[in-house]
Q: 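Here it is, the structure, as structure tokens.
The basis for the numbers below is simple: all heavy atoms, side chains too, and nothing from hydrogens, waters or symmetry mates.
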Amino acid sequence: MKILLGYSYYPYPHDMSDIVNAWVNRLNKSGFQIDTIPLTLNPPNNPIWWPVLNEKWKLGDKQLLQFYDNLLRKLENYDVFLNLNGINIHPEILKYFPTFNVYGCNDDPDSSERLSRPVAKYYDLCLIGNIAEIETYKSWGVKEVRFWPMGFMATDFEPEMKEEDINNKERDIDIALLCEKKYVIDRNKRLDAYSKAFPSGMYYGDGWEKGFYPVEKDVSLYHAKKVSLYQRTKIGPNFHNSTGPINFRTYTLPANGVMQICDNKKNLGKIFELNKEVIGFDNVKEAIDLTRYYLSHDNERIEIAIAGWKRTIKDYNEINNFQKAVDYINFVIKKNNLKDKKYNYERVNLYLKKHKRNIFLKKLFYIFKNYFISLKITLNEYFKMKFLILIDQLSVGGAEKQAILFADYLQNKKNQIVEIWSFLPGNGTAKDLCDKYSLKIKVIGYFRGLAHYLYPFQIIHYKKVFGSYKPDVVMGYTNMPNLLLGFIWKKIGAKYFVWGQQGIEPTEYKFNSTELKAIKLTPCFISNSVNGAEYLKNDLKVPDEKVHIIFNGPEKMLPGFSPTEWYEKLGISENDFIAIMVANITRYKDHQTLIHSWKYVVERYNGMGRPILLLIGGFGETITEVFRLVLDLNLFPYIKFLGNHVDIKGLNNIAGISILSSNGEGLPNVLLEAMDDELPIVGTDIPGIREAVGEENYQYLAPSKNPEILAEKILLFANNDELRKKVGINNKQRVEKLFRLGEMCEKTYNLIIHGIEKNN
């Protein structure tokens with residue numbers, strides 16, 4: 001069986017190509033027939049993740065297609081293609097491979113969405129390093145999946161070591177751990193607790209005080225040093241990011257006679273015999289207690305270390321380990337009666353050429369299409385249209401603000417006729433904003449409460465109300481306006497209706513059968529977030545082609561008051577640490593969790609004598625409940641309520657962080673404004689907030705209803721000015737790149753024009 005092994009050739013302290021090829025050479029000396037090929041474009045380079053790979057394929061990236069062409073030629077001489085933990089093979093080209101195709105992955109579940117899940121089911125066999133994720137692969141539709149242990153390499157242990165060496169050799173290091181402590185906050189907390197309990201331990205890696213374990217340019221010297229460290233070590237703790245066990249430490253530690261104490265006890269017991277070959281734990285307290293026990297019971301520790309060593313050397317050495325992969329491949333081929341695949345390089349080459357030609361024609365088509373569209377838009381701007389935007393009430397929330405900003409664009413940039421109508425007067429803050437942009441407003445009131453059972457009467461009533469204005473385009477931004485407009489937009493002669501999905505209400509509003517008819521009558525849905533779009537498609541069953549994602553953009557504002565004026569108004573000093581949350585105080589937000597967390601913050605804050613203060617801007621139906629909670633917790637000196645008329649820009653200028661504790665969000669505009677003002681964000685770990693802050697900031701989000709963890713995230717910034725500044729700068733760069741108000745308005749306007757052209 002001839003195997004072509006593809007690997008990711010990426011920048012590393014040591015040459016990955018040398019490491020992989022040395023490993024393969026050792027395997028070949030034992031009778032395997034393996035060749036290697038780097039799957040990384042422009043090696044050495046970082047491998048590309050699925051979204052980028054898919055985009056390159058769709059765009060007909062020349063380098064990618066040339067790479068596939070070369071790979072297909074090479075594969076003609078092999079029986080098996082083993083993609084070792086890489087994703088640079090698109091499923092559309094994989095189906096033309098003449099080989100039995102195997103996908104290997106050791107990065108689940110942390111990287112599943114951008115690594116394994118999009119491609120795994122297209123392979124003949126998946127060999128997975130994380131035994132805890134086998135069922136996950138099956139849930140993706142993968143038919144053949146097996147656990148393939150990572151094992152240990154011949155360079156990572158001393159082959160001459162014997163049982164008596166483990167029994168008799170003096171080990172002068174109690175604890176050694178080589179792993180990074182940087183990105184995974186939850187694991188970092190466990191590592192901090194463990195290392196605090198055993199401060200004399202040898203801890204190395206990115207994020208530890210000692211830094212990386214000394215790296216030698218010569219990879220063989222590096223491995224020798226690591227082996228030497230382990231052979232002096234009594235206990236090797238092993239902590240994982242999430243599910244597992246899944247790392248080389250799981251096998252390298254016992255291979256060097258180290259007694260391993262490892263998390264993920266349930267699945268660890270499927271690899272080793274618990275309490276005989278390895279010690280498992282469920283939480284960090286248990287890990288600490290077990291470590292103390294075995295440090296004081298040498299005989300028991302050595303007995304477990306020897307048993308673990310025997311098992312690892314026997315079952316998980318690199319030769320036996322690779323033989324398992326070959327056995328799996330042979331078994332699946334025989335089980336499924338898989339014969340040699342029919343392969344014609346000329347046919348495959350023809351497919352690649354056809355794909356390139358289709359890409360070229362698509363690009364040409366879009367060039368001409370965009371030219372004619374721009375011409376149509378230019379012509380349309382000579383003819384004024386009447387826009388009507390309907391909102392719930394004249395109070396400024398995220399949805400209302402976006403409606404007003406788009407109305408300003410329509411009237412003052414595109415010279416269109418616009419009016420904003422509202423069911424209720426609210427507190428008038430939206431009216432102030434409309435006055436600022438000279439926008440006409442009208443309060444039309446609820447007709448009998450807009451109750452479900454009265455829809456027929458309400459439709460007749462509102463048909464008369466809206467018909468008198470005779471709008472060309474109607475738009476809603478929240479549920480009630482959207483539903484009403486969905487029923488009546490055609491009846492009042494409008495040319496187009498846009499359902500604006502600005503969030504997902506945490507009350508999980510259930511649409512009845514009548515309301516679902518309004519959704520079916522709606523021609524266009526614009527969501528300001530990916531999670532909002534998924535809600536429309538999955539929960540409301542809106543067809544994909546009707547749903548469009550257009551991100552919000554923050555308004556470039558001037559402050560109402562200078563920092564000095566704000567300090568004077570609030571009676572505070574510029575040295576105070578200030579956090580701010582601006583949001584309507586309603587059941588949709590979660591001020592209660594924030595206030596409980598602020599109790600922890602005040603108790604644990606260690607800001608070198610600086611006072612700490614939380615500013616809350618907004619008003620709503622739960623204000624009394626929230627205010628009473630502040631009094632009950634004796635937090636009145638540490639929290640100030642600012643009411644509705646909030647100078648957000650001015651407050652951002654004096655704040656250290658912006659907080660959003662919430663039950664549900666679309667793409668929160670208040671966070672985009674704070675990020676644009678270089679503030680770090682702390683908030684609830686929910687999809688809408690994740691989408692706003694980006695993956696690099698997930699570590700600063702807390703689980704819902706967990707005030708203690710929320711407090712820890714706040715304190716990260718309250719006690720670290722350097723971190724606050726660094727994250728703030730990165731946040732501003734993210735907003736400038738992804739969330740632009742002008743782009744939001746232009747895309748929305750163009751979509752409406754195109755919709756009108758298509759429908760009329």
Side-chain angles (χ1 to χ4, degrees), residues 395-398 400-402 404-405 408 412 427-438 552-585 594 598 601 605 607-619 636-660 668-683 714 717-736 739-742:
S395 300
V396 174
E400 290 77 18
K401 187 161 190 178
Q402 289 301 306
I404 293 168
L405 292 174
D408 168 50
N412 300 317
N427 57 37
T429 49
K431 178 183 180 303
D432 295 340
L433 200 55
C434 289
D435 290 344
K436 173 183 174 182
Y437 296 120
S438 303
N552 287 349
E555 180 189 19
K556 299 294 183 182
M557 300 176 289
L558 293 173
F561 298 96
S562 68
T564 303
E565 289 171 321
W566 266 117
Y567 293 136
E568 187 176 338
K569 286 167 69 70
L570 296 170
I572 59 178
S573 159
E574 62 180 325
N575 293 321
D576 295 358
F577 180 80
I578 297 168
I580 179 173
M581 174 167 165
V582 177
N584 289 326
I585 305 176
L594 172 59
W598 204 251
V601 170
Y605 177 55
M608 298 170 290
R610 292 187 300 179
I612 190 165
L613 181 67
L614 171 64
L615 304 178
I616 297 178
F619 199 79
F636 194 71
Y638 308 102
I639 297 177
K640 288 184 181 290
F641 290 85
L642 304 176
N644 266 320
H645 297 269
V646 177
D647 170 22
I648 294 177
K649 179 72 173 180
L651 290 168
N652 284 348
N653 286 343
I654 65 169
I657 59 170
S658 179
I659 304 172
L660 184 54
N669 206 59
V670 69
L671 293 190
L672 301 184
E673 291 170 342
M675 291 165 69
D676 194 42
D677 288 330
E678 296 190 11
L679 288 182
I681 304 299
V682 171
I714 293 168
F717 294 109
N719 293 323
N720 192 329
D721 292 343
E722 186 177 336
L723 175 66
R724 194 164 66 246
K725 183 177 180 181
K726 177 185 175 182
V727 173
I729 291 171
N730 290 339
N731 282 349
K732 183 173 181 64
Q733 291 172 351
R734 175 175 172 80
V735 170
E736 289 176 342
F739 308 110
R740 295 186 287 270
L741 178 60

Q: For Ile648 and Val582, what are the C-alpha separation, side-chain angles and deciding distance, and is it a side-chain contact (heavy atoms from CB on, under 4.5 Å)?
A: CA-CA 8 Å; Ile648 294 177; Val582 177; 4.1 Å; yes
Q: Can you name the closest pair of heavy atoms from Pro554 and Val735 and give their distance?
A: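 Where Pro554 meets Val735 most closely, the heavy atoms are CG-CG1, 3.7 Å.
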Q: Rounded to the nearest 0.5 Å, what's the gap from CD1 on Ile659 to CE on Met581? Could you check?
A: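 The distance works out to 8.5 Å.
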Q: Nearest heavy-atom pair of Ala430 and Ser395: which atoms, and what distance?
A: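 Where Ala430 meets Ser395 most closely, the heavy atoms are CB-N, 3.6 Å.
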Q: What heavy-atom pair brings Leu679 and Ala655 nearest, and what distance separates the two atoms?
A: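 Of all heavy-atom pairs spanning Leu679 and Ala655, the closest is CD2-O, 3.2 Å.
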Q: Should Asp435 and Lys431 count as an ion pair when the cut-off is N to O under 4.0 Å?
A: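 So Asp435 pairs with Lys431 through a salt bridge.
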Q: Is it the case that atom CZ in Phe561 sees more than 12 heavy atoms from other parts of the structure closer than 6.0 Å?
A: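 Atom CZ in Phe561 is not crowded, with 12 or fewer foreign heavy atoms closer than 6.0 Å.
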Q: Just by distance, with hydrogens left out, do Trp566 and Asn653 show a side-chain donor and acceptor under 3.5 Å apart?
A: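 Trp566 vs Asn653: no donor-acceptor pair found between side chains.
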Q: Are Ile639 and Leu594 packed together at the side-chain level, in the sense that at least one heavy-atom pair is separated by less than 4.5 angstrom?
A: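 They are not in side-chain contact.
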Q: Give, for atom CG of Asp721 and atom CZ of Arg724, the distance between the pair rounded to the nearest 0.5 Å.
A: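 The CZ atom of Arg724 is 4.0 Å from CG of Asp721, to the nearest 0.5 Å.
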Q: To the nearest 0.5 angstrom, please state how far the CG atom of Leu741 sits from the CG atom of Leu672.
A: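 Result: 10.5 Å between the selected atoms.
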Q: With the side chain counted from C-beta on, respond yes when Ile681 and Leu660 share a heavy-atom pair under 4.5 Å apart, and no when they do not.
A: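 No; the side chains remain at least 4.5 Å from each other.
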Q: Closest approach of Tyr638 and Ile612, non-hydrogen atoms and distance?
A: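 In this case the closest contact between Tyr638 and Ile612 is CD2-O, 3.9 Å.
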Q: Can you measure from CG (Asp647) to CG (Leu642) and round to the nearest 0.5 angstrom?
A: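 Here the interatomic distance stands at 10.0 Å.
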Q: side-chain contact (heavy atoms from CB on, under 4.5 Å), that's the test. Do Leu615 and Leu570 meet it? Break it down for me.
A: CA-CA 10 Å; Leu615 304 178; Leu570 296 170; 3.8 Å; yes
Q: Just to verify, what does Gln733 make a side-chain contact (heavy atoms from CB on, under 4.5 Å) with, not counting sequence neighbours?
A: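 Partners of Gln733 by the side-chain contact (heavy atoms from CB on, under 4.5 Å) criterion, ordered by chain and then number, come out as Ile729, Asn730.
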Q: To the nearest 0.5 Å, what is the distance between CG (Asn652) and CD1 (Ile580)?
A: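 Result: 5.5 Å between the selected atoms.
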Q: Can you list the steps and then say if Phe717 with Leu723 is a side-chain contact (heavy atoms from CB on, under 4.5 Å)?
A: CA-CA 6 Å; Phe717 294 109; Leu723 175 66; 3.8 Å; yes
Q: Is there a side-chain contact between Lys649 and Asp677, using heavy atoms and a 4.5 Å cut-off?
A: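 They are in contact (side-chain heavy atoms under 4.5 Å apart), so the answer is yes.
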Q: Mind running side-chain contact (heavy atoms from CB on, under 4.5 Å) on Val727 and Asn731 for me, showing each step along the way?
A: CA-CA 6 Å; Val727 173; Asn731 282 349; 3.8 Å; yes
Q: Of all the heavy-atom pairs spanning Gly656 and Pro680, show the shortest one and how long it is.
A: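 Residues Gly656 and Pro680, closest heavy atoms: O-CD, 3.3 Å.
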Q: Should the pair Lys556-Asp676 be classified as a salt bridge under the 4.0 Å nitrogen-to-oxygen rule?
A: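 Yes, Lys556 and Asp676 are salt-bridged.
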Q: Going by atom types only, do Gln402 and Asn669 share a side-chain donor-acceptor pair under 3.5 Å?
A: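 Side-chain D/A pair, Gln402 to Asn669: present.
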Q: Only counting residues at least two apart or in another chain, list the ones meeting side-chain hydrogen bond (donor to acceptor under 3.5 Å, both in side chains) with Asn720.
A: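 With neighbours one apart ignored, the set is empty.
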Q: Using the side-chain contact (heavy atoms from CB on, under 4.5 Å) criterion, which residues pair with Tyr567? Sequence neighbours excluded.
A: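 Tyr567: side-chain contact (heavy atoms from CB on, under 4.5 Å) contacts with Pro563, Ile572, Glu574, Ile578, Ile654.
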Q: Determine, for Glu565 against Lys569, whether the closest basic-nitrogen to carboxylate-oxygen distance falls under 4.0 angstrom.
A: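 Judged by the 4.0 Å cut-off on N to carboxylate O distance, Glu565 and Lys569 do not form a salt bridge.
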Q: First locate atom CG of Asn719, then atom OH of Tyr605, and finally report the distance between them rounded to the nearest 0.5 Å.
A: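 These two atoms lie 6.5 Å from each other.
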Q: Does atom CD (Glu568) have a neighbourhood of more than 12 heavy atoms from anything else shown, all under 6.0 Å?
A: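 Counting neighbours around CD of Glu568, 12 or fewer heavy atoms of other residues, nucleotides or ligands fall under 6.0 Å, so no.
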Q: Please indicate whether Phe619 has more than 12 foreign heavy atoms, meaning atoms of other residues, nucleotides or ligands, lying under 6.0 Å from its CZ.
A: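 No - once you tally the heavy atoms of other residues, nucleotides and ligands closer than 6.0 Å, there are 12 at most.
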